[in-house]
Asks: 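One structure, as structure tokens, below. Some questions next.
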Amino acid sequence: MQKRYVLLAVLVAIFATKWWYTPGEDTPSLTLTTDSLPERVKKWLDNYNMTEVIDGNLEAFGISGSVRPGLSPDAPAPKHPVVIVPGITSCGLEVWKAHPCLGDSFFRKRVWGDISMAQAILSNWSCWLHHITPNATTGSDRDGVRVRPATGLRSADYFVGNYWLWARAIQNLADIGYNEADILLACFDWRLAFPLLEERDGYFSGLKYDIEKLVVRHKGEKAVILAHSMGSLVWQYFMNWVEAEEEGWVDKNIDSFVNIAGAMLGAMGPLAAYISGEMDATAAMGPFATYVESFAMSFDEMRDIYWSMGGLASILPVGGPAVWGSQSSGWTDTPADVVAFSDTINASGLQGDLDSIYGSVKKKKEFLPLHNLPSWTAYDRDIHKPDAKTKDPTRYANPLATPLPNAPNLKIFCMYGTGQPTERAYRYGFRQIRWRWGDNASLPESIIFSWSSMKTIEDTIAELESYNKKENCALRPVKLDARGFADLTFQNISEAIAGLEDLIQNPAPALQDWMRIDSGYHSNATDDPWGNGLDGRYAYGVAKTDGDSTVPLASLGYMCHNGWRDLPEFNPSGVKVWTKEFKHLPSSLLADARGGPATAKHVEIIGNVELLTDMLNIVAGNTTYLQEDRIFSNITTLGPMITERIRKVLDGKSLEKS
């Protein structure tokens, strides 16, 4: 009750400030204390005994003080040049050669990020998709199209409108004295597999040169790297690439690597996207997310898009059962295989662990025909004992296959959020189908939804039979989305029902071609394997575990807290690594829809006030207080377990439980 009262008081203070703000006055800075509020607002709060409540309790929530730590009287002075490596989808993408469907008027406008993206989507969805989707065979541009990443600080400061990405970090750096020449926002084409970044764009060569220029400009002061999400894997790849080019380069030029929510061992969402064209959003939110995410595209079409994007493939999970666990090796963070099946007959031939799933690709099975695509072949996802003589670019992004550089003076600070349910495992069903009207109109009960929810063939027939009895429905054309079928369009409901009944009698193609996340599957109320209400429990066919809402804890924290400490093969020069976890303490949606100054969600943590404060101190060289771990999660339990299994793999021993 007290917390709600305080939050209500804060909201009252904000609204009162807006209400009583007089045009012509200096706009008050947004702070979370009452000191900077106009006098008449403070007087009003005093009259209702709210001032003491607000100032006395905000500190307990970890959100007191200015939203701009760079404006604090205690803010440090700048020292190191700064390099920002954004995460997946953060960088804007510009058109440098347009297909005629888009036209020359779109030259150098963005098809990803900025309002021009929305204009392109609304004017011609398929044309926009043609520009944003790479050629799956080459992994690069489609014929007649050239799309390149935006450059400069505006390339990833905001996504669209006021939806900030790196803007708050850049503003706080400016507050303490940084200028544009002191900050390199190293944007890249996040659609491409990492080797293609160098092959097509010379990205890593340019990054090396630009960092060297920054260091020279700052009279030898080494650079600080701020990398987020997939950007941390890009930096991992770059460190291996640059050391192969010039040994000792990292130690000479880099002071610190700040790994913010880095998916060092991958994430599960991309795996579901690769298997069936789905991610948690579509499985849990039903047809609304389906409409938003796929614009009436089939899951086959969505999967083809995901397969074409080599950047997404970089965050497929690595380490196999040694990291993620299995029935035979023992569980890790959740008592569930990565993939489970609702049907008694598993026609796909898949087993539930990563070795089986990836093995299906390696064996060139038709179920996952990825073995020749750059998105798959660019990366090695296994555990390997590092060999200094082996310079294998497919291993560069995998911290369980390549060591940290010989850089004894390098410091690594890992910062990420915890305590948020994060997708971890999937329950699949077979013969799953969804449908929509073939005349492109919405379903009768909705203005927005285009596709129905995913159902079995039998349940879909029952649903269509109910619509067949409704006025103005029986004669409308029907389109079905069943994996493996390029086009299932029928002239009316009766023909659609007959077609589905034929599929039941003559199932072709194989059942695995109809495999989808079983969005109707929920764990029983009593089914709680570990008694925490989270791990091993399914809702809408998805099981979750601890993480930052996007990346599971094992990926966020293992290498930092254990891997680079416990396994000297992966840190031969003894690089110092520290881990700082952040609790997710969101504010009211009315106060800040992005979560407020203490959010720790995967993207929004970039604007977390405490993290921004730490960032400013790191770039200023004030890191002594950060050179110890702060742990809230159970990574201290998971870490040694994973280390033990990885050691077995490195020593050539079996992972089977004794």
Side-chain angles (χ1 to χ4, degrees), residues 79-80 83 85 211 215 220-227 232-233 235-260 262 264-265 318-319 322-323 383-392 395-416 554-581 614 617-619 621-631 635-636 638-651:
K79 180 181 180 182
H80 298 285
V83 178
V85 186
I211 291 175
V215 172
E221 288 289 356
K222 299 179 184 179
V224 167
I225 309 302
L226 307 176
S232 294
L233 294 176
W235 182 253
Q236 168 82 12
Y237 187 101
F238 172 77
M239 287 194 294
N240 282 290
W241 178 89
V242 78
E243 288 293 313
E245 295 286 315
E246 182 182 334
E247 188 173 352
W249 187 92
V250 173
D251 203 43
K252 178 181 177 182
N253 291 280
I254 307 302
D255 176 81
S256 302
F257 164 30
V258 186
N259 172 20
I260 304 170
M264 302 310 296
L265 300 180
V318 303
V323 172
I383 297 170
H384 298 278
K385 184 173 288 186
D387 180 358
K389 297 180 181 179
T390 301
K391 304 297 182 183
D392 183 355
R395 299 183 182 182
Y396 284 177
N398 182 354
L400 292 177
T402 52
L404 288 173
N406 182 16
N409 297 301
L410 176 67
K411 299 184 288 290
I412 298 179
F413 299 96
C414 299
M415 300 180 177
Y416 56 84
S555 179
L556 292 165
Y558 173 72
M559 290 308 302
C560 304
H561 190 267
N562 293 90
W564 286 323
R565 293 172 173 176
D566 299 345
L567 301 165
E569 296 95 328
F570 299 118
N571 188 2
S573 65
V575 173
K576 297 294 188 296
V577 186
W578 296 280
T579 302
K580 184 172 183 177
E581 294 185 342
D614 293 338
N617 279 300
I618 292 170
V619 301
N622 304 331
T623 62
T624 302
Y625 80 99
L626 288 169
Q627 294 179 11
E628 60 181 11
D629 291 340
R630 186 180 78 178
I631 304 297
I635 192 66
T636 53
L638 301 182
M641 188 188 314
I642 297 172
T643 293
E644 181 181 355
R645 293 197 202 120
I646 292 175
R647 174 53 63 198
K648 287 182 179 180
V649 174
L650 293 174
D651 293 343

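Basis for what follows: all heavy atoms, side chains included, without hydrogens, waters or symmetry-related copies.
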Asks: As an exercise, state the distance from CD1 of Ile225 to CD1 of Ile260, rounded to the nearest 0.5 Å.
Replies: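 Those atoms lie 11.5 Å apart.
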Asks: Indicate yes or no: at least one non-hydrogen side-chain atom of Leu233 is less than 4.5 angstrom from one of Met264.
Replies: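 Yes, side chains in contact.
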Asks: Apply the test side-chain contact (heavy atoms from CB on, under 4.5 Å) to residues Met239 and Thr402: give CA-CA distance (whole Å), side-chain angles for both, the deciding distance (0.1 Å), then the verdict.
Replies: CA-CA 10 Å; Met239 287 194 294; Thr402 52; over 6 Å; no
Asks: Please indicate whether Glu245 has more than 12 foreign heavy atoms, meaning atoms of other residues, nucleotides or ligands, lying under 6.0 Å from its CD.
Replies: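 It does: Glu245 CD has more than 12 such atoms within range.
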Asks: If you take all heavy atoms of Ser232 and Gly262, which pair is closest and at what distance?
Replies: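 In terms of heavy atoms, the two residues are closest at OG-CA, 3.6 Å.
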Asks: Any pair with a residue in residues 557-576 that passes salt bridge (Lys or Arg N to Asp or Glu O under 4.0 Å), sequence neighbours left out, goes on the list, sorted by first then second residue, please.
Replies: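 Residue pairs with at least one partner in residues 557-576: Arg565-Asp629, Glu569-Arg647.
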Asks: Answer yes or no: is there a side-chain heavy-atom contact under 4.5 Å between Trp578 and Thr623?
Replies: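 No - every pair of side-chain heavy atoms lies 4.5 Å or more apart.
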Asks: Using salt bridge (charged side-chain N to carboxylate O under 4.0 Å, His left out) as the criterion, list what pairs up with Asp614, not counting sequence neighbours.
Replies: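 Partners of Asp614 under the salt bridge (charged side-chain N to carboxylate O under 4.0 Å, His left out) test: Lys580.
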Asks: State which residues pass ring pair (Phe, Tyr, Trp, His ring centres under 6.0 Å) with Trp564; sequence neighbours excluded, sorted by chain then number.
Replies: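 Per chain and number, Trp564 pairs via ring pair (Phe, Tyr, Trp, His ring centres under 6.0 Å) with no residue.
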Asks: Side chains of Asn562 and Ile642: closer than 4.5 Å at any heavy-atom pair?
Replies: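 They are not in side-chain contact.
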Asks: For a quick test of reading the model, state the closest non-hydrogen atom pair linking Ser256 to Phe413 and the distance between them.
Replies: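 Heavy-atom minimum between the residues: OG-CE1, 3.7 Å.
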Asks: With sequence neighbours excluded, tell me which residues meet side chain to side chain contact (heavy atoms under 4.5 Å, CB included) with Ser573.
Replies: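 Ser573 satisfies side chain to side chain contact (heavy atoms under 4.5 Å, CB included) with Asn406, Pro408, Asn571, Val575 once adjacent residues are dropped.
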Asks: Show your working on side-chain contact (heavy atoms from CB on, under 4.5 Å) between Leu404 and Ile412 and close with a plain yes or no.
Replies: CA-CA 11 Å; Leu404 288 173; Ile412 298 179; 3.9 Å; yes
Asks: Could you check if a side-chain atom of Glu221 sits within less than 4.5 angstrom of a side-chain atom of His80, using non-hydrogen atoms only?
Replies: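 Side chain of Glu221 against side chain of His80, heavy atoms only: contact under 4.5 Å found.
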Asks: How long is the span from the CD1 atom in Ile635 to the CE atom in Met641, to the nearest 0.5 Å?
Replies: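 Separation between the atoms: 10.0 Å.
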Asks: Looking at residues at least two apart in the chain, or sitting in another chain, which of them share a ring pair (Phe, Tyr, Trp, His ring centres under 6.0 Å) with Tyr396?
Replies: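 Residues passing ring pair (Phe, Tyr, Trp, His ring centres under 6.0 Å) with Tyr396: Tyr237.
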Asks: For Thr579, check side-chain hydrogen bond (donor to acceptor under 3.5 Å, both in side chains) against everything at least two apart and list the hits.
Replies: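 Scan of Thr579 (side-chain hydrogen bond (donor to acceptor under 3.5 Å, both in side chains), adjacent residues dropped) gives none.
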Asks: For residues Val250 and Glu243, report the shortest heavy-atom separation together with the two atoms involved.
Replies: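 Answer, listing the atom of Val250 first, then Glu243: N-OE2, 2.9 Å.
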Asks: Can you find a pair of side-chain heavy atoms, one from Trp235 and one from Ile254, that are under 4.5 Å apart?
Replies: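 Sidechains of Ile254 and Trp235: in contact.
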Asks: Measuring only between side-chain heavy atoms, which start at C-beta, is Ile211 closer than 4.5 Å to Trp249?
Replies: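 Answer yes - side chains close enough.
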Asks: For Ala322, give me all partners under side chain to side chain contact (heavy atoms under 4.5 Å, CB included), at least two apart in sequence or on another chain.
Replies: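 Ala322: side chain to side chain contact (heavy atoms under 4.5 Å, CB included) contacts with Ile383, Arg645, Ile646, Val649, Leu655.
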Asks: Return the set of residues passing salt bridge (charged side-chain N to carboxylate O under 4.0 Å, His left out) with Lys411 (not counting sequence neighbours), or none when no residue passes.
Replies: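 Partners of Lys411 under the salt bridge (charged side-chain N to carboxylate O under 4.0 Å, His left out) test: Asp255.
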Asks: Taking only residues two or more places apart in sequence, or in another chain, which ones meet Asn398 in a side-chain hydrogen bond (donor to acceptor under 3.5 Å, both in side chains)?
Replies: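 Asn398: no side-chain hydrogen bond (donor to acceptor under 3.5 Å, both in side chains) contacts found.
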Asks: Measure across Cys560 and Asn259 and return the closest heavy-atom pair with its distance rounded to 0.1 Å.
Replies: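 Scanning both residues, the minimum pair turns out to be SG-ND2, 3.7 Å.
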Asks: Just to verify, what does Glu246 make a salt bridge (charged side-chain N to carboxylate O under 4.0 Å, His left out) with, not counting sequence neighbours?
Replies: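 Testing Glu246 for salt bridge (charged side-chain N to carboxylate O under 4.0 Å, His left out), a comparison that skips the adjacent residues, returns Lys208.
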Asks: Just wondering, do Tyr558 and Val323 contact through their side chains at under 4.5 Å, heavy atoms?
Replies: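 When only atoms from C-beta onward are counted, Tyr558 and Val323 do not touch, as no gap falls below 4.5 Å.
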Asks: Identify the two heavy atoms, one from Val215 and one from Lys222, that lie closest to each other, and give their separation to 0.1 Å.
Replies: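 Result for this residue pair: CG2-CA, 4.3 Å.
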Asks: With rounding to the nearest 0.5 angstrom, report the CZ to CD distance, Arg395 to Gln236.
Replies: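 Here the interatomic distance stands at 13.5 Å.
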Asks: With rounding to the nearest 0.5 angstrom, report the NZ to CG distance, Lys252 to Asn409.
Replies: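 Between Lys252 NZ and Asn409 CG, I get 14.0 Å after rounding to 0.5 Å.
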Asks: Residues two or more places apart in sequence or in another chain: which of them pass side-chain hydrogen bond (donor to acceptor under 3.5 Å, both in side chains) with Glu628?
Replies: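 Checked Glu628 against side-chain hydrogen bond (donor to acceptor under 3.5 Å, both in side chains); zero matches.
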Asks: If you compare all heavy atoms of Pro399 against all heavy atoms of Phe570, which two are closest, and at what distance to 0.1 Å?
Replies: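 Distance-wise, the nearest heavy atoms are O-CD2, 3.4 Å.
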Asks: Looking at side-chain heavy atoms only, is the closest gap between Val242 and Asn253 below 4.5 Å?
Replies: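 Val242 does not reach Asn253 side chain to side chain.
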